[in-house]
Amino acid sequence: MTEERSLNFLEEIIEQDLQSGKHQQIVTRFPPEPNGYLHIGHASSICLNFGLTQRYPGYTNLRFDDTNPTTEETEYVDSIKQDVRWLGFEWKHERYASDYFDTLFNYACKLIDRGLAYVDDLTPEEIAAQKGTPTQPGVDSPYRSRTIEENRDLFLRMKAGEFPDGARTLRAKIDMTHLNMLMRDPILYRIKHAHHHRTGDKWCIYPMYDFAHGQSDSIENITHSICTLEFVPHRELYDWLIKKLEIYPSHQYEFARRNINYTVTSKRKLLQLVQEGHVNGWDDPRMSTISGLRRRGYTPESIREFCSRIGVAKRENLVDVGLLEFCVREHLNKIALRRMVVADPLLITLTNHSGEVEWLNSENNPESETAGNRQIPFSNQLFVERSDFMEVPPKKFFRLAPGQMVRLKSAYIIRCEEVIKDDRGEVIELKCTYFPESKSGSDTSGLSVKGTLHWVSRAQAVPVELRLYDRLFSVEDPTDSEADFKSFLNPESLQVVKSAYAEPALAEATLTDRFQFLRQGYFVLDKDSTPEKLVFNKTVGLKDAWAKEVKKG
RNA sequence: UGACCCAUGGUGUAACGGUAGCACUACAGAUUUUGGUUCUGUCUGUUAAGGUUCGAAUCCUUAUGGGUCAACCA
């Protein structure tokens, strides 16, 4: 049962805390802001936070950081919950920072009473101007020395709605010359007369991230508050507030967010792609969102495996999307039902076949003995893949060519006897003969062929739509240059095959089935399917050694 | 001209002062009724310079490189 995998730096910290008796159990939280859909980067954080409390005693909360009513919506709350569950995790408590607005307000009053916070009348521009720069100290606001009574009165009136948006803020009184910009009297509360998705119109002042996140952690007795590296400078303020408020001392730990090449993982950028119509919604199968990956056919198992393999550390990184693809292939290879679909059909007529339909047996999955078999029809007119024929084949082309033999998967060996072309010289049909004694499973022909092709019987073929995807961006890191990341969108990221031919068994496909279309890739039924027209999304292609060979020349 | 974080093959991640390992990728081969899978093998790495030590990827110093910080966003 014991894993051999070595500990990451957070597991090391936790094991020390447990051994030293600092904690008997650990409490973590996954804290999304409900202003967008979760993406693969969040999956990493989810697996980390929930994985830690599966491994060690304790539990994980789901907490929505909903302190900015102008960007947050219930739609996002619902999608986030669905995605976390789909990934296979269940939270102990569902919480919202907005649950704590009353407590937070009281905390703010406490700081005022202790002379540690003040109401400032400066405009955003003025505050920015007196804040200084990373290399220059800031200067005190003229309102910094208001009396406690005055601050209290003003803050209450802010809450009462007496002032318009942006008129005043509540700021912590720390040090305007601090080397850490975040310690230069950070804003704690701002006025926003906005409707909140949970508290409605009860509040017109809302706490800032720094005055909500750490306090919420503390209220929930979070022992290990795990976030990404860009919050490192916030830790000093996180600790300062907890100390001055004398509340439960949660601790913040930071790890490097995972970046993946040929995509973007930024809610802001993903939102742009959706709003500007570069993709068809948050769950477009090309998106790096959890919902997009789900629709694309990725499994929760494969995403969890990916997160486990890329690990947790503190250095900048750009993970190869090839690893994600490896993980999904690895899983799908074990569970996907094998089916035959011809995307670009070339007609084959067997000149020595009667035309009577014969039902042949084929395994659903050679990797799984329990997957069983299915029947596929065989007759004298078949479709094979156009790319599996070449009139003038190169060396080592183990497929169809004039005079050349191949096996049809789970069926018979055939030989190409004649090539039929239309007026334009386009190949439209192959006349072939088959060897009746070469039937799969009872082959007495003595023939041996190097290539095996997928095929479908023309008469029973079911027309289906195939959606083939390529990477959304044509460069590894679309955010790396000055240029707009959208200028690197791959124009060929979606290719639709309107009418491919599928074997009849596929007519019964359901949304939860996973398929491997032989020699092509893994596919999943799309929600756009209708009884008349099935639509399949390509999850990922099979490795293609021949394509590599061709490329080499 | 500041503070903070970081630095191991192409990529990701281990080695906790004692043989630089694992995975992905790439390449070569075997098997194969999927040019898939599986199996075998090969290539490639400690940013640099000093110091401490019998011994340094690991500890110290400096340099170099990358990242973060000046939203009433989170």
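Lettering follows sequence order; numbering is per chain, from 1.
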Parallel, tilted or perpendicular: which fits the ring planes of A:Phe64 and A:Tyr96, with parallel below 30° and perpendicular above 60°?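 Parallel, since the angle between the ring planes stays under 30°.
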Nearest whole Å is fine: how far is [N] [atom2] from [X] [atom1]?
X        : N     : atom1 : atom2 : result
A:Asn261 : B:G10 : CG    : C1'   : 11 Å
A:Asp320 : B:G9  : CG    : C1'   : 14 Å
A:Lys450 : B:U31 : NZ    : P     : 11 Å

Assess the side chains of [X] and [Y]: does a donor N or O sit below 3.5 Å from an acceptor N or O?
X        : Y        : answer
A:Glu126 : A:Thr123 : yes
A:Tyr238 : A:Gln252 : no
A:Asn364 : A:Arg339 : yes
A:Glu367 : A:Asn365 : no

If only side-chain N and O atoms of [X] are considered, is one of them under 4.0 Å from the OP1 or OP2 phosphate oxygen of [N]?
X        : N     : answer
A:Lys314 : B:G12 : no
A:Arg257 : B:U68 : no
A:Lys439 : B:U33 : no
A:Thr133 : B:G2  : no
A:Arg309 : B:U25 : no
A:Lys131 : B:A71 : no
A:Arg235 : B:C4  : no

Write down the distance separating the P atoms in B:A49 and B:A57, rounded off to the nearest Å.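 My reading of the P atoms in B:A49 and B:A57 gives 13 Å.
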Pairwise C1' distance for B:G18 and B:U38, with rounding to whole Å: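 Approximately 38 Å lies between the C1' atom of B:G18 and that of B:U38.
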Any N/O pairs under 3.5 Å between the protein and nucleotides 36-40 of chain B? List them or say none.
residue: B:G36; atom: N2; partner: A:Glu367; partner atom: OE2; Å: 2.7
residue: B:U37; atom: O2'; partner: A:Asn333; partner atom: ND2; Å: 3.2
residue: B:U37; atom: O2'; partner: A:Glu367; partner atom: OE1; Å: 3.2
residue: B:U37; atom: O2'; partner: A:Glu367; partner atom: OE2; Å: 3.4

Less than 5.5 Å between centroids and less than 30° between ring planes, does A:Tyr209 satisfy that with B:A74?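 Aromatic stack with B:A74 absent for A:Tyr209.
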So does A:Arg399 reach the base of B:G35 with its side chain, donor to acceptor, closer than 3.5 Å?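 It does, because a donor-acceptor pair links the side chain of A:Arg399 to the base of B:G35 below 3.5 Å.
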Distance-only donor-acceptor test (3.5 Å): side chain A:Ser410, base B:U33: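 Not at all, since no donor on one side and acceptor on the other fall under 3.5 Å apart.
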When the nearest nucleotide of RNA chain B is assigned to A:Met181 and to A:Glu316 on a heavy-atom basis, which residue is associated with the more 5' position?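 With A:Met181 and A:Glu316 compared, the 5'-side residue is A:Glu316.
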Remember a base hit wins even if backbone is also touched, and classify A:Met208 as base, sugar-phosphate or nothing at under 4.0 Å, heavy atoms.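 Result for A:Met208 = sugar-phosphate.
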Answer with yes or no after comparing the ring centroid distance for A:Tyr209 and A:His234 against a 6.0 Å cut-off, counting only values under it.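 Yes; A:His234 has its ring centre under 6.0 Å from that of A:Tyr209.
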Going by side chain to side chain donor-acceptor pair (under 3.5 Å), A:Tyr100 matches just one of A:Arg63, A:Glu220, A:Arg95. Which one?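 Exactly one option meets the side chain to side chain donor-acceptor pair (under 3.5 Å) with A:Tyr100, and it is A:Glu220.
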Picking from B:C72, B:G35, B:A14, which would you name as closest to the side chain of A:Asn8?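 Looking only at heavy atoms from C-beta outward on A:Asn8, the closest nucleotide is B:A14.
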